[in-house]
Amino acid sequence: MKKLRVGVLFGGRSGEHAVSLRSAASVMEAMSPQKYEIIPVGITEEGQWLAGGDPMAALQRKEIPGDCFYAVMVTDPSTGGILLLEQPTGGPVKEFIPLDVVFPVLHGPYGEDGTVQGLLELAGLPYVGAGVLSSSVGMDKVVMKILFQHCGLPVGDFLYFKASRWIREKDSIMDQIEDKLGYPCFVKPANLGSSVGVSKASSREELSRAVDIALRYDHKFVVEAFIAGREIECSVLGHEEPISSVPGEVVPCNEFYDYQAKYIDERSELIIPASLEREVADRFKELAVQAFQAVECSGLGRIDFFYQEEGRVIYVNEINTIPGFTSISMYPKLFEASGIPYPELIDRLIDIALQRFENKKSLLTTYQP
Ligand SMILES: Nc1ncnc2c1ncn2[C@@H]1O[C@H](COP(=O)(O)OP(=O)(O)O)[C@@H](O)[C@H]1O
Ligand SMILES: [Mg+2]
């Protein structure tokens, strides 16, 4: 059988660059060499695409060795692949590499937010995971929450503002936040992940500082009422009829699940499956599928919740359309506990990508009266 040639994209122009390298290294290691020919494509923090040689090592060392070439996605859907160039601005073409499918293992902006997905649509290539719309909706916490509310999902209280208004009306914005949400509250850039730029504020001074931090990463920020509760997560897999894994629980080692607690300090715990009563666990699984469908997600998505045991109150916090994907990350671990081992999960995701692409092919792209 001919091997499927899979372009694996990693790195990227995002605060989550380093996390992506780890996810992609795990994915490439687990992909069956009998089934797949892997073409690793690394994207630097500046956004340059590299292929040939060992782009993973190049990104890890932050220097471009001589055997790496600059890669350009060809947006002619009849060819579908990447060109390797000797110079970033052109120069001699080294090689054209056609691809059968792409697996973007990119977290955060310029990767998980619909931009790369748009490029892959233009290139006429099947790709793993959410399409353009659900990727960008999943990345924007404001639009995501509004859509969740619209679909009847339980969402905590929140407010959002643009940087331009914050500069003009800082005091009145802070009054509004204090009136509606109170302290402590959580301040986040609207578009990001991995807790980059997220702070908990317990006073007006802290709020002001937290907003300044969030605005370093985005021109829009969200403020949420603090929800004291357990952090429960479910993984979802599929397209038209997605399935949910068992729920898992995160027990952060810090005051909240910040970047340090997620990736640096090893004392945060993942409890799989989460210790929950049967009906409550089933409710999480139902809500996870509903949240996945609310944003029209495809392929994979990890849905994060807060759970207040007293009164059994559940809030949907967010969907991550490209969740952490190392072999010890929550997303694959939850499916492993639900009977789908890591390498099979990758196979299924690639199958879903190919099927979705085939389905889309039957749509007309020209007007036919
Ligand atoms: N409203 C909230 N109440 C309590 N804790 C929160 C709230 N929002 C976020 N957190 C904490 O901050 C972490 C990161 O926030 P989250 O919205 O998940 O951002 P990211 O997309 O960066 O993961 C959460 O996992 C949780 O520990
Ligand atoms: Mg999160």
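Numbering of ligands and ligand atoms starts at 1, following listing order. On a predicted model such as this, the values are computed, not experimentally measured, just so you know.
- Shown here are the salt bridge (Lys or Arg N to Asp or Glu O under 4.0 Å) partners of E286, two or more places apart in sequence or in another chain: R283.
- Using a 4.0 Å cut-off between heavy atoms, D258 makes no contact with ligand 1 at all.
- Ring geometry, F186 versus F226: the interplanar angle falls under 30°, so the pair is classed parallel (tilted spans 30 to 60°).
- Identified under the salt bridge (charged side-chain N to carboxylate O under 4.0 Å, His left out) test for residues 224-233, with sequence neighbours left out: K145-E224, K188-E224, R230-E249, R230-E309, E233-R302.
- Between the CG atom in L237 and the CZ atom in F335 there is a gap of 4.5 Å [rounded to 0.5 Å].
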Walk me through it: do K141 and D218 pass the test salt bridge (Lys or Arg N to Asp or Glu O under 4.0 Å)?
CA-CA 12 Å; K141 293 191 195 309; D218 197 357; over 6 Å; no
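- With respect to D212 and R216, no salt bridge is recorded, no charged nitrogen being found less than 4.0 Å from a carboxylate O.
- Here the protein contributes E318 OE2 as N, O or S atoms under 2.8 Å from the Mg ion (ligand 2).
- Ligand 1 has at least one atom lying under 4.0 Å from a heavy atom of S195.
- The residue from F186, F256, Y257, F158 that puts a heavy atom closest to atom 5 (N) of ligand 1 is F186.
- Checking side-chain atoms of S203 against main-chain N and O of E206 turns up a donor-acceptor pair under 3.5 Å.
- The nearest heavy-atom contact from the protein to atom 24 (C) of ligand 1 is E231 OE1, 3.5 Å.
- Near E224, meaning under 4.0 Å from one of its heavy atoms, ligand 1 places the atoms 1 (N), 2 (C), 7 (C), 8 (N).
- Ligand 1 does not have D304 within reach: every non-hydrogen atom of the residue lies 4.0 Å or more from it.
- Only the backbone of A225 comes within 4.0 Å of ligand 1, judged by heavy-atom distances.
- A donor-acceptor pair is defined here as one N or O able to donate and one able to accept, closer than 3.5 Å; such a pair exists between the side chain of S26 and the backbone of S327.
- Taking the six-membered ring where the residue is Trp, F325 and Y342 present tilted rings, their angle falling between 30° and 60°.
- Using 4.0 Å as the threshold, K200 has no heavy atom nearer than that to any atom of ligand 1.
- When the heavy atoms of K188, H107, K141 are ranked by distance to atom 9 (C) of ligand 1, first place goes to K188.
- Sequence neighbours left out, the pairs with a member in residues 352-369 that pass salt bridge (charged side-chain N to carboxylate O under 4.0 Å, His left out) are E121-K360, E358-K361.
- In this structure, S194 counts as a contact residue of ligand 1, since one of its heavy atoms falls inside 4.0 Å of the ligand.
- Atom 4 (C) of ligand 1 has I227 O, 3.2 Å as its closest protein atom, hydrogens excluded (heavy atom only).
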